[in-house]
Amino acid sequence: MTTTDWIAIISIIIAIFSLMYSIITNRDKFVISASERKNILDWYEKTNTVIEMLMTQTDATDGKIKKETLATLSTMIEVGRFYFPNISNGIGKHKPAAYQGSRHSILTFLIYIYNIGKDKNISNHINHIIILRRAYTSAVFVYLKPREYLRKLKQNSYLKISDDFKFEDFIKSKHPEKYRFY
């Protein structure tokens, strides 16, 4: 074998190892982002539970329960600062580190809900909370990009994910169980 042959063989081996390394590191990045995504979704689920609890409390609800619910929402907002830190833009340099800059919009929706929840006549503001909650959900949706995540999940796993089934297909079907819902 000539030197050229050896260089070609070594080049092929290096290329194979480079390809394997690239595949492995890309999957590791996907796993890390999936883990972070799960943490955010867990936090999101908890905040939504608290918002639902706040909306179901009537004006006659025991003040202690409402205070506990608001305290939990406040805590969830503070935890959210670690997922959605303020945008560093020079505003509020005199404030503690976590509060410098402009607040992330995801947290702003929660703060507005919190402020509405402090009102003694919360039942007058349920529609406002619903609107803010939907905007909050949409902001988290845009941040997590579930469609892109599912595309990556298809690429990096053996899962078969279908997005072509619609509820209308179920209604039009001859599935005997569907009549139990009417």
Side-chain angles (χ1 to χ4, degrees), residues 33-92 94-153 161-173 175 177-182:
S33 67
S35 173
E36 181 65 13
R37 176 184 168 74
K38 183 186 178 333
N39 291 341
I40 291 171
L41 282 171
D42 288 347
W43 172 82
Y44 168 80
E45 177 186 8
K46 290 174 188 172
T47 58
N48 253 311
T49 300
V50 173
I51 293 168
E52 188 63 32
M53 289 169 49
L54 190 62
M55 289 190 332
T56 59
Q57 294 176 4
T58 64
D59 301 333
T61 301
D62 179 13
K64 181 180 177 189
I65 295 170
K66 185 173 178 179
K67 284 180 183 178
E68 289 173 359
T69 304
L70 287 170
T72 303
L73 182 56
S74 178
T75 301
M76 297 306 298
I77 292 167
E78 293 304 307
V79 170
R81 293 184 188 283
F82 291 92
Y83 295 118
F84 309 103
N86 283 7
I87 299 159
S88 180
N89 57 9
I91 295 174
H94 64 283
K95 295 180 180 180
Y99 303 90
Q100 293 177 8
S102 298
R103 184 184 312 118
H104 197 287
S105 62
I106 288 174
L107 297 180
T108 301
F109 291 120
L110 293 176
I111 289 169
Y112 276 106
I113 291 169
Y114 174 85
N115 289 335
I116 291 171
K118 291 191 301 187
D119 192 303
K120 289 183 181 180
N121 299 316
I122 192 169
S123 60
N124 295 337
H125 305 290
I126 297 301
N127 287 334
H128 297 109
I129 294 175
I130 290 170
I131 291 167
L132 288 167
R133 181 184 188 179
R134 293 182 73 154
Y136 162 65
T137 295
S138 294
V140 174
F141 184 92
V142 167
Y143 183 84
L144 290 178
K145 301 175 185 166
R147 290 181 185 97
E148 183 179 318
Y149 177 79
L150 288 175
R151 185 183 52 76
K152 287 180 182 178
L153 188 61
I161 301 170
S162 174
D163 57 359
D164 58 354
F165 183 80
K166 298 173 189 72
F167 186 72
E168 291 80 12
D169 295 338
F170 171 73
I171 297 298
K172 292 175 186 175
S173 74
H175 195 283
E177 293 292 313
K178 77 177 184 182
Y179 298 108
R180 294 178 49 178
F181 299 111
Y182 296 108

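Using bins of under 30°, 30° to 60° and over 60° for the plane-to-plane angle, the ring pair His104/Phe84 lands in the tilted bin.
Aromatic pair Trp43/Phe82: centroids not less than 6.0 angstrom apart.
Between Leu144 and Tyr149, every side-chain heavy-atom pair lies at or beyond the 4.5 Å cut-off.
Other residues, nucleotides and ligands place more than 12 heavy atoms under 6.0 Å from the OH atom of Tyr114.
To the nearest 0.5 Å, atom OG1 of residue Thr72 and atom CG of residue Leu54 are 10.5 Å apart. How far CD1 of Ile122 is from CD1 of Ile116: 8.0 Å, rounded to the nearest 0.5 Å. Atoms CD1 and CE, from Ile65 and Met53 in turn, are 8.5 Å apart once rounded to the nearest 0.5 Å. Within the model, atoms CG of Asn39 and CD of Glu36 stand 5.5 Å from one another, a figure rounded to the nearest 0.5 Å.
Here the side chain of Lys66 pairs a donor or acceptor atom with the backbone of Gly117 at under 3.5 angstrom. Although no hydrogens or angles enter the test, the distance criterion places a donor-acceptor pair under 3.5 Å between the side chain of Ser138 and the main chain of Arg134.
Across all their heavy atoms, Arg103 and Ile111 have their closest contact at NE-CD1, 3.0 Å. Of all heavy-atom pairs between Ile77 and Leu107, the closest is O-CD2, 3.9 Å. Taking all atoms of both residues into account, the shortest heavy-atom contact from Lys95 to Gln100 is O-NE2, 2.7 Å. Here the shortest heavy-atom pairing between Asn86 and Gly101 reads ND2-O, 3.6 Å.
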